[in-house]
2 protein chains.
Amino acid sequence: MSASTSAERGAEVRRRLLVAAAELIPEVGWHAVSTRAVAERAGVGAGLVHYHFRSVQSLLRHAVVEVMTQLLAEFPRVLSTDTSEDVVVREMLAALDDYSGTDATSLLFMEAYLASARDEQLRAELSHLLDDFRSALTAWLAARGTRAPAETAAVLAAAVDGVMLHRALHPGLTATAVAPVLRRLVSHSTEREQG
Amino acid sequence: MSASTSAERGAEVRRRLLVAAAELIPEVGWHAVSTRAVAERAGVGAGLVHYHFRSVQSLLRHAVVEVMTQLLAEFPRVLSTDTSEDVVVREMLAALDDYSGTDATSLLFMEAYLASARDEQLRAELSHLLDDFRSALTAWLAARGTRAPAETAAVLAAAVDGVMLHRALHPGLTATAVAPVLRRLVSHSTEREQG
DNA sequence: GCTCACCTTGGGCGTCTGCCCAACACTATA
DNA sequence: TATAGTGTTGGGCAGACGCCCAAGGTGAGC
């Protein structure tokens, strides 16, 4: 079949390995993901992992960066200068409703943050990823006249991840509960503010 | 020596195992902590781990709960009804300055949060721990007249952990940078607020 | 037909893992 | 002095680990 060259099938297997790895990281934890488990889930021989990737660590790094890039890329499109604060806050809360703190995506993010503490290359890639995300948020806040937009954006992004982090241990931390509080952050832009 | 009975020395070894485990968790990651590594750092034979603890998981659980209990217990004492908001925010920021996101304590907390997703007993214990912490914060906020004190306390606690989480990837996220933003959360208690 | 490059397999290597256990040291009681 | 209870050691077991590699399969270009 000319539609499926050897190289193309190779790329497909590589993709399946990345998907399998991204699934296993939240399930068993970063350090507990093994070459054999990834290969089994991807439906390929165990040796293939080290054909397509230099090491397990490299596979996990690629997998996590790929997933996070896709997810974070979806958000900035909602941020245009004429987007109301309600829409933005609602969007972030919708994200919070999707991610309970014990779901695969939340855990994948946390595992990635944690792994980046022991993997300099991963830290650099995630750092760049979050920079882009914060930049979009900062620009939107600045256009709205919010004080200290960069710092507010940073705290807002951190708060969302923090809520995600705490949520598994505090089910009452629902989106509707935190909405008014978070809105306080983006609303009172013209208030006095002591340095 | 009567000052050191067999039982007392046993308790001391058990304590050393807990300390060694609490050190190793941030260093190598939860799943990568092994009985032999803990025993070596504690300066005892490898078999002792399973004498004092049912399993490695049990050891890690005890270690992490002990450390977190001690650290969280220090905070509520600063919260009395006559404590000014400045002092409280300054106290939380001091905590942020101590914990850079890549230090042992920050990593230990994150590892614990993550591990609790796969360990029901640990989740219950951490949940209880954070409940107490939030209760103290809620009571203080309520006494100050802050709107939605429970929700604000939850978001505040989550924001601190979130900032810690992001900090390793964003060195500019200093305490002085986020201070005015966080203060916004506790300050404007009498503003209009849409539910 | 052949070569060549790429992909894939399954097994093997040495190392590490959690957990177990027989043997031993020590103290307190009888 | 004998006995019992507690703490401790180091080795052993079966299994899993990361990584490697010889061998084989399969299409593209000559």
Side-chain angles (χ1 to χ4, degrees), chain A residues 1-64 111 115 118-119 121-122, chain B residues 1-64 111 115 118-119 121-122:
Chain A
M1 204 186 288
S2 66
S4 164
T5 68
S6 177
E8 282 168 344
R9 279 180 288 111
E12 163 68 15
V13 165
R14 190 190 138 99
R15 208 186 55 80
R16 292 231 305 279
L17 286 172
L18 287 171
V19 170
E23 285 176 12
L24 283 170
I25 289 170
E27 286 180 25
V28 301
W30 187 278
H31 293 287
V33 176
S34 69
T35 59
R36 287 164 178 85
V38 172
E40 187 185 4
R41 176 155 311 196
V44 298
L48 261 189
V49 172
H50 283 89
Y51 176 81
H52 287 287
F53 299 93
R54 192 181 316 229
S55 64
V56 190
Q57 189 72 0
S58 170
L59 163 62
L60 299 182
R61 197 164 42 219
H62 280 88
V64 100
E111 290 281 357
R118 303 180 196 96
D119 184 321
Q121 190 175 340
L122 178 59
Chain B
M1 207 186 287
S2 65
S4 164
T5 68
S6 175
E8 281 169 345
R9 278 179 288 113
E12 163 68 14
V13 165
R14 190 190 138 100
R15 208 186 54 80
R16 291 230 306 278
L17 286 173
L18 287 171
V19 170
E23 285 176 10
L24 282 170
I25 289 170
E27 287 180 24
V28 300
W30 187 278
H31 288 99
V33 176
S34 69
T35 58
R36 287 164 177 83
V38 172
E40 187 185 3
R41 178 155 309 197
V44 298
L48 260 190
V49 172
H50 284 89
Y51 177 81
H52 286 287
F53 299 94
R54 193 180 316 231
S55 63
V56 190
Q57 189 72 1
S58 170
L59 163 62
L60 299 182
R61 197 163 43 219
H62 280 88
V64 101
E111 290 282 357
R118 303 180 197 98
D119 185 322
Q121 189 175 339
L122 178 59

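Labels below follow one simple rule: chain letters A, B, ... track the order of the sequence lines, proteins then strands, and each chain is numbered from 1.
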Nucleotide [N], atom [atom2] - distance to [atom1] of [X] in whole Å:
| X | N | atom1 | atom2 | value |
| --- | --- | --- | --- | --- |
| A:Leu48 | D:dC21 | CG | P | 16 Å |
| B:Leu60 | C:dT17 | CG | C1' | 14 Å |
| B:Arg14 | D:dT8 | CZ | C1' | 16 Å |
| A:Gln57 | D:dC17 | CD | P | 16 Å |
| A:Leu17 | D:dC19 | CG | P | 14 Å |
| B:Glu40 | D:dT9 | CD | P | 13 Å |
| B:Leu24 | C:dG18 | CG | P | 11 Å |

Compare side-chain N and O positions of [X] against OP1 and OP2 of [N] and report whether any pair is under 4.0 Å apart.
| X | N | value |
| --- | --- | --- |
| B:His31 | C:dT17 | no |
| A:Thr35 | D:dG18 | yes |
| B:His50 | C:dC20 | no |

Which nucleotide, C:dG18, D:dT9, C:dG12, lies nearest any side-chain atom of A:Arg36? C:dG12

Closest to the side chain of A:Tyr51, out of C:dC6, D:dT8, D:dC13, is C:dC6

Using heavy-atom distances to pick each residue's nearest nucleotide on DNA chain C, tell me which of A:Gly47 and B:Ala37 is more 5'. A:Gly47

Could you check whether atom NE2 of A:His52 has more than 12 heavy atoms from other residues, nucleotides or ligands sitting under 6.0 Å from it? yes

How about CD on B:Glu40, more than 12 heavy atoms from neighbouring residues, nucleotides or ligands closer than 6.0 Å, or not? no

Answer with base, sugar-phosphate or nothing: what part of the nucleic acid does A:Val33 contact at a heavy-atom distance below 4.0 Å? sugar-phosphate

Using a heavy-atom cut-off of 4.0 Å across all strands, would you classify B:Val49 as base, sugar-phosphate, or nothing? nothing

Side-chain donor/acceptor of B:Arg16 to backbone N/O of B:Ala42, under 3.5 Å: yes

Does the side chain of B:Tyr51 come within less than 4.5 Å of B:Val13's, by heavy atoms? no

Under the side-chain contact (heavy atoms from CB on, under 4.5 Å) criterion, do B:His50 and B:Thr35 qualify, and how do the steps go? CA-CA 8 Å; B:His50 284 89; B:Thr35 58; 3.4 Å; yes

Specify the residue among A:Ala32 and A:Ala46 whose closest nucleotide of DNA chain D lies further upstream toward the 5′ end. A:Ala32

